[in-house]
Amino acid sequence: MQFLAFAITYPFIYLLSRLPMRVLYALSDFFFFLMYNLIGYRKKVVLENLKLAFPKKSEEERKKIAKDFFRHLTDLIMESVKAFSISEKEMSKRYTYKNPELVNNFTKQGRSIALVAAHQANWEWSISLPLVLDGNVSGAYTKLGNPYFEKVIRSSREKYGIIGYKTSETVKGMQKNFAEKTQGLYILLSDQSPQLHKTFYWNEFFGVQVPMHTGAEMLAKRFDLVVINYITRKVKRGYYETEFQLITDTPKEFEDYQITDKYTRLTENNIKQQPALYLWSHKRFKHRNSFEEWQKVKAFKP
């Protein structure tokens, strides 16, 4: 049954990816109309998130951001489809990097690096990172239930040189590299809501107290990783530029959660520059009223 689903669906997706971008964006416009005006996919979640993040903006301002977000989301879906067949030349033209030398200067020193980022603009096309960065670039991914889709999607994401780790195997892979003194660059998207029972730390995100992902900081301290944020901005439709921002090259000198806080403030500032490009359809604030519950659970843990 899984193969049948793959055999019916994947050829259509691949043929769709072969279409010119102008045709894919025309389809994106159509899907935006369906998603925003007829289906209303997660519109309530998006507007609630925007109200929490931007309480001082008017309702009309937030509605405009929401509408622009959904326009971008359908573009992102089409761009993700295009990733199956996009050439290296076209990718390099559409997805550029402003200052890769910041990262490469540390790899020349033999340092391993945590590349932290948010779900903003087009994170799917960051599969092109190995085209501009020296060293082995690794990225964690969630394994799909369908092994046939798993194989083709992983192949697509690794075609420029990224080494894929299952999320559950990321730490094991780092340990192996550390033991063998193998340099690595590790992509760690760290902006979404963690599972409550796996939370160690809370702080404010856009003024709302929420649980924070702290894995990147913990790994950076454990393996002495340079921590570099990368932010992707949309230049125009179908064109992006990524900038690298140093958080620290001395992670062990920071108090607990200071690196996480620095990353969070950078992420907030970057989102404010192009607010419609953030993944507002994710329920980032869903645990905002669960702090006391978390404290009680934490207090009774052995």
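- Of the inter-residue distances, the one linking Leu24 atom CG with Ser80 atom OG reads 11.0 Å to the nearest 0.5 angstrom.
- One side chain, Asp191 or His119, offers a donor N or O that lies under 3.5 Å from an acceptor on the other.
- A donor-acceptor pair shorter than 3.5 Å can be found between the side chains of Tyr201 and Asn203.
- Listed for the Glu88 side chain is no donor-acceptor partner under 3.5 Å among the backbone atoms of Leu131.
- With salt bridges taken as basic N to acidic carboxylate O contacts below 4.0 Å, none links Lys236 and Asp75.
- The cationic group of Arg71 does not satisfy the cation-pi geometry with Tyr36, failing either the under 6.0 Å distance to the six-membered ring centre or the 45° limit from the ring axis.
- At a cut-off of 3.5 Å, with distance as the only test, a side-chain donor of Thr232 or Thr242 sits close to an acceptor on the other residue.
- Between Tyr95 and Tyr240, the angle of the ring planes lies from 30° to 60°, which puts this pair in the tilted group.
- The main-chain N or O of Glu61 is found under 3.5 Å from a side-chain atom of Ser58 such that the two form a donor-acceptor pair.
- Here the side chain of Lys43 pairs no donor or acceptor atom with the backbone of Ala66 at under 3.5 angstrom.
- In Tyr239, the OH atom is crowded: over 12 heavy atoms of neighbouring residues, nucleotides or ligands sit closer than 6.0 Å.
- A perpendicular orientation is assigned to the rings of Tyr41 and Phe70, their planes being inclined by more than 60° (bins at 30° and 60°).
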Set out, in order, the CA-CA distance, both residues' side-chain angles and the distance that settles salt bridge (Lys or Arg N to Asp or Glu O under 4.0 Å) for Lys221 and Glu217, then state yes or no. CA-CA 6 Å; Lys221 288 182 176 182; Glu217 175 176 333; 3.2 Å; yes

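- For Glu158 (side chain) and Gly164 (main-chain N/O), a donor-acceptor pair under 3.5 Å exists by modelled atom type.
- A donor and an acceptor atom, one from each side chain of Gln183 and Ser112, are nowhere located under 3.5 Å apart.
- Surrounding CD of Glu255 are at most 12 heavy atoms belonging to other residues, nucleotides or ligands under 6.0 Å away.
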Check step by step if side-chain contact (heavy atoms from CB on, under 4.5 Å) holds for Lys172 and Tyr165. CA-CA 9 Å; Lys172 188 184 296 184; Tyr165 282 115; over 6 Å; no

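- No donor-acceptor pair closer than 3.5 Å links the side chain of Ser156 to the backbone N or O of Val152.
- At distances below 3.5 Å, at least one donor-acceptor pair connects side-chain atoms of Asn122 with backbone N or O atoms of Glu124.
- Note on residues 13-25: pairs passing side-chain hydrogen bond (donor to acceptor under 3.5 Å, both in side chains), not counting sequence neighbours, are Ser17-Ser85, Tyr25-Glu79.
- The closest side-chain donor-acceptor pair between Gln192 and Arg284, if any, does not fall under 3.5 angstrom.
- The shortest distance between side-chain heavy atoms of Ile247 and Ile228 does not fall below 4.5 Å.
- When side chains are defined from C-beta on, Leu73 counts as touching Met35, because their heavy atoms get closer than 4.5 Å.
- Among residues two or more places apart in sequence or in another chain, the salt bridge (charged side-chain N to carboxylate O under 4.0 Å, His left out) test is passed with Arg111 by Asp224.
- Classification of the Tyr278-Phe205 ring pair by plane angle, with boundaries at 30° and 60°, yields tilted.
- Comment: Glu60 does not engage Lys64 in a salt bridge, judged by the lack of any side-chain N to carboxylate O separation of less than 4.0 angstrom.
- Ring geometry for Trp280 against Phe54 counts as perpendicular: the plane angle is over 60°, on a 0 to 90° scale with 30° as the lower cut.
- Under the 3.5 Å distance criterion, the side-chain polar atoms of Ser155 are left unmatched by any main-chain donor or acceptor of Lys151.
- Atom CD of Gln109 sits in a crowded spot, with more than 12 heavy atoms from other residues, nucleotides or ligands closer than 6.0 Å.
- Under a cut-off of 6.0 angstrom, the local environment of CZ in Arg157 is sparse, with at most 12 non-hydrogen atoms contributed by other residues, nucleotides or ligands.
- A donor-acceptor contact shorter than 3.5 Å links the side chain of Glu268 to the backbone of Phe206.
- Judged by distance alone, with hydrogens and angles left aside, the side-chain atoms of Asn49 form a donor-acceptor pair with the main-chain N or O of His282 at under 3.5 Å.
- Salt bridge present: Lys63 and Glu59 bring a charged side-chain N and a carboxylate O closer than 4.0 Å.
- Side-chain atoms of Asn270 and Gln245 include a donor-acceptor pair closer than 3.5 Å.
- When only modelled atom types and interatomic distance are considered, Asn136 and Tyr186 share no side-chain donor-acceptor pair under 3.5 Å.
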